[in-house]
Amino acid sequence: MSEEKTLNFLEEIVEADLASGKYASLLTRFPPEPNGYLHIGHSKAINVNFGLALKYGGETNLRFDDTNPVTEETEYVESIKEDIRWLGFTWARELYASDYFDDLYGYAVKLIEKGLAYVDDSSSEEIAAGKGTPTEPGKENKYRNRSIQENLQLFSDMKAGKYKDGEKVLRAKIDMASPNMLMRDPVIYRIKHAHHHRTGNKWCIYPMYDFAHGQSDSIENITHSICTLEFIPHRPLYDWFIEKLDIFPSHQYEFARLNMTYTVMSKRKLLQLVNEKHVNGWDDPRMPTISGFRRKGYTPGSIREFCEKIGVAKRENLIDLGLLEFCLREELNKTALRVMVVLDPVKLVIDNYEEGRTEELTSENGPDESMGTRTLPFSKTLWIEREDFMEVPAKKWFRLAPGAMVRLKSAYIIKCNSFIKDEQGYITEIHASYFPESKSGHEGSGNIQVKGTIHWVSAEHAATAEVRLYDRLFLSENPAAEEGDFKDHINPNSLQVIEKAYIEPSLKQATLNERFQFIRKGYFCLDPDSTENHLVFNRTVTLKDAWAKEVKK
RNA sequence: UGGGUUAUGGUGUAACGGUAGCACUACAGAUUUUGAUUCUGUCUGUCUAGGUUCGAAUCCUGGUAACCCAACCA
């Protein structure tokens with residue numbers, strides 16, 4: 001079977017540009033604004049930009065688009081860098097749009113000198129009104145015809161701080177009747193007397209996105225400037241500035257951003273979830289942020305694989321969260337250490353097992369023999385999962401029930417003799433007898449056939465831990481598209497905390513970067529909230545559960 | 001309603017005028033000391049109406065639908 005992978009449209013463009021000699025090498029950039037945390041949607045953009053460069057032997061710059069001092073903070077710069085590194089990518093240069101403020105100012109002066117920009121004294125409302133609507137052209141105002149000399153002076157005064165915020169702006173002089181609203185004399189510089197996280201108080205005028213992005217690309221000699229679909233209408237402006245300024249011609253290309261089921265992706269909505277305490281911060285494991293996924297136990301490889309699988313195209317999409325989970329399970333299944341943990345315990349007493357006796361049983365750590373084995377203490381009294389016992393077994397029930405037999409994983413086959421209920425009818429204890437000859441790994445262990453195998457922990461030897469079970473944050477597939485407030489669709493049971501789960505003793509040595517499969521229950525990892533005496537585990541993702549489906553039928 | 005972008009199974013993505021393929025999901029079966037994994041199989045698709053052509057998802061014409069654009073945000 002040949003592995004002939006077809007190219008996505010960006011790869012086709014790049015290959016054509018390289019083949020034609022338009023560019024000798026490839027240089028892309030990832031340009032986040034440092035005003036929030038990166039989410040899974042950004043990981044697609046990261047994968048596209050870094051992935052393309054990697055594939056074609058080029059480089060990728062990390063450029064912080066920090067042209068708006070009032071929303072941006074150094075804290076975000078650090079988290080963004082950490083997330084990109086964690087995903088496994090390395091940038092060629094760490095740059096900032098603010099590095100180019102002097103150049104950008106010079107470009108603005110050049111535009112004024114060419115009669116292509118003017119200072120406008122209108123209020124923002126007046127400017128908005130003057131732009132018209134998509135169906136009606138805008139109107140040219142009286143400031144549009146100021147002399148070059150006057151504009152130069154005024155712009156210089158703006159820079160010098162002679163005006164207050166909002167008193168004046170610099171606008172490009174393009175076409176107030178353009179069908180593209182963005183070409184109707186866009187504002188390119190505004191006054192903001194604000195402290196900038198890098199340039200401090202040096203500037204009180206700041207360039208707008210459209211006057212910073214393309215030029216920054218050009219200054220860095222970015223060959224392919226890749227962004228999302230909503231910037232398509234900006235492209236004519238992007239090209240206009242490059243042409244009028246006569247600078248290196250970077251080109252903009254657009255792809256469809258990632259949308260995923262059962263979550264929201266807009267920064268505004270994520271901020272709301274954090275601020276209104278629907279989650280416990282940006283790195284809450286229920287958040288679609290990179291830091292949230294990291295804390296939940298996702299691996300960088302699974303996210304990269306997911307980004308590869310979803311492809312790159314120009315059409316709107318809503319990708320099934322199940323695909324991300326598939327990528328995760330695919331990796332974790334190969335690498336996670338198998339351990340036994342009882343989340344919802346009920347006591348199991350082996351009547352014919354000697355009181356006080358303990359055996360060290362051997363169990364495999366994973367599917368691959370190279371992962372080795374460990375020992376597990378076994379004794380008369382065990383904890384098993386409450387849901388693994390049914391007083392009146394359902395049809396096709398393979399687990400424990402009165403008179404039924406199951407195997408205790410890596411141990412013995414047992415047969416249930418009886419069980420005890422309290423006055424409320426709650427089962428408090430199950431009694432069984434074991435078959436010594438059925439011991440795992442020993443001759444004759446397979447003489448008795450059973451359909452079910454369940455996990456267990458020795459009561460005497462078990463340690464305890466808190467376990468946090470996460471479910472999807474929203475009940476709706478596409479909460480942002482629902483009528484009304486997206487928050488009305490929050491899943492009230494997205495977090496279930498188990499205060500006291502019984503864990504096998506080996507788990508006391510768990511470390512933060514290890515991944516575990518709690519056999520039959522899912523994949524888990526240690527949470528940073530853990531202390532030596534209080535371990536906390538997060539459920540990364542469940543296992544597929546064919547029985548749960550059977551029950552639903 | 002002016003401009004722009006996009007339409008392929010439930011989802012995502014290929015096929016670049018010549019057999020509609022791949023992955024996820026779903027379903028069925030086999031294996032299994034995890035009802036996991038693994039393996040095998042099955043279902044389901046070219047927005048619509050015309051046209052060009054020996055042949056159209058692909059080219060042309062007309063519809064339709066979805067998304068984006070009227071911040072001194074990015």
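Values reported hereafter were calculated over all heavy atoms of this structure, with side chains retained and with hydrogens, waters and symmetry mates removed. Reminder, nothing fancy here: chain letters follow the sequence lines and each chain counts from 1. The shown structure was predicted, so the numbers you read here are calculated from the model rather than taken from an experiment.
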How should the glycosidic conformation of B/A65 be described, syn or anti, under the criterion that syn lies within 90° of 0?
-> anti
Which nucleotide in B/G2, B/U6, B/A23 has an atom nearest any side-chain atom of A/K309 | B/A23
Side chain of A/N68: nearest nucleotide among B/G35, B/A74, B/C72?
-> B/A74
Could you please name the option among B/U5, B/A15, B/C67 that lies closest to any side-chain atom of A/E12?
-> B/A15
Have a look at A/P134 and say if it touches a base, only the backbone sugar-phosphate, or nothing, with a 4.0 Å heavy-atom cut-off.
-> base
B/U5 base to A/E254 side chain: any donor-acceptor pair below 3.5 Å?
-> no
Base, sugar-phosphate alone, or nothing: which one does A/G441 contact when heavy atoms must sit under 4.0 Å apart?
-> base
A/D99/A/R63 ion pair, N-O < 4.0 Å = no
Donor + acceptor pair across side chains of A/E75, A/Y37 (<3.5 Å) | yes
Any ion pair linking A/D157 and A/K168 (charged N to carboxylate O, less than 4.0 Å)?
-> no
Examine the base of B/U33 for any acceptor or donor lying under 3.5 Å from a partner atom in the side chain of A/S440, and report the outcome as yes or no.
-> yes
Taking only the side-chain heavy atoms of A/P179 (C-beta and beyond), determine which of B/U33, B/G35, B/G2 contains the nearest atom.
-> B/G2
Would you indicate, yes or no, if B/A7 has its OP1 or OP2 atom less than 4.0 angstrom from a side-chain nitrogen or oxygen of A/K314?
-> no
If we call it a pair only when both distances are under 3.5 Å in a Watson-Crick or G-U wobble match, what pairs with B/U64?
-> B/A7
Among B/U13, B/G2, B/A74, the nucleotide that comes nearest once only the side chain of A/T135 is considered = B/G2
Look at all strands and tell whether A/L408 reaches a base, only sugar-phosphate, or nothing, counting heavy atoms closer than 4.0 Å.
-> nothing
Counting any heavy atom closer than 4.0 Å, what does A/T67 reach on the DNA or RNA strands: base, sugar-phosphate only, or nothing?
-> sugar-phosphate
Partner nucleotide of B/A20 by Watson-Crick or wobble geometry (both distances under 3.5 Å) = none
Hey, does A/R29 have a side-chain heavy atom less than 4.5 Å from the side chain of A/S225?
-> yes
With sugar-phosphate meaning primed atoms plus P, OP1 and OP2, does A/K192 contact a base, only sugar-phosphate, or nothing at under 4.0 Å between heavy atoms?
-> sugar-phosphate
Base partner of B/U34, which must satisfy Watson-Crick or wobble distances under 3.5 Å = none
Quick one: do the A/Y412 and A/E359 side chains pair a donor with an acceptor below 3.5 Å?
-> yes
Pick base, sugar-phosphate or nothing for A/I319, based on heavy-atom distances below 4.0 Å to the nucleic acid.
-> sugar-phosphate
According to the Watson-Crick and G-U wobble definitions, with both distances under 3.5 Å, which nucleotide is paired to B/U53?
-> none
How is A/H234 classified with respect to the nucleic acid when contacts are heavy atoms under 4.0 Å: base, sugar-phosphate, or nothing?
-> base
Donor-acceptor pair under 3.5 Å, A/R399 side chain vs B/G35 base = yes
Ignoring the backbone of A/R338, work out which of B/C72, B/U34, B/U33 is nearest its side chain.
-> B/U34
Candidates B/U5, B/C72, B/U25 - which lies nearest the side chain of A/K544 = B/U25
Measuring from A/M371:CE to A/L337:CG, what's the distance to the nearest 0.5 Å?
-> 5.0 Å
Rounded C1' spacing from B/A66 to B/A71 in Å | 25 Å
Counting Watson-Crick and G-U wobble pairs only, both distances under 3.5 Å, name the nucleotide matched with B/G2, or none.
-> B/C69
A/N180 and A/S178 side chains, donor-acceptor separation under 3.5 Å = no
Quick one: the side chain of A/R315 and the base of B/U5, do they pair up donor-acceptor inside 3.5 Å?
-> no
Could you tell me whether the phosphate oxygens of B/C73, OP1 or OP2, come under 4.0 Å of any side-chain nitrogen or oxygen in A/R190?
-> yes
So which nucleotide from B/U33, B/C24, B/G2 ends up closest to the side chain of A/L323?
-> B/C24
So what does A/F398 hit on the nucleic acid, given a heavy-atom distance under 4.0 Å: a base, only sugar-phosphate, or nothing?
-> base
Among B/U13, B/C72, B/G35, the one nearest any side-chain atom of A/V169 is B/C72
Counting any heavy atom closer than 4.0 Å, what does A/V312 reach on the DNA or RNA strands: base, sugar-phosphate only, or nothing?
-> sugar-phosphate
When we call it a touch if two heavy atoms are under 4.0 Å apart, what does A/K334 touch: a base, just sugar-phosphate, or nothing?
-> nothing
Just checking A/N333: base, sugar-phosphate only, or nothing, at a heavy-atom cut-off of under 4.0 Å?
-> sugar-phosphate
So which nucleotide from B/G35, B/C69, B/G4 ends up closest to the side chain of A/I232?
-> B/G4
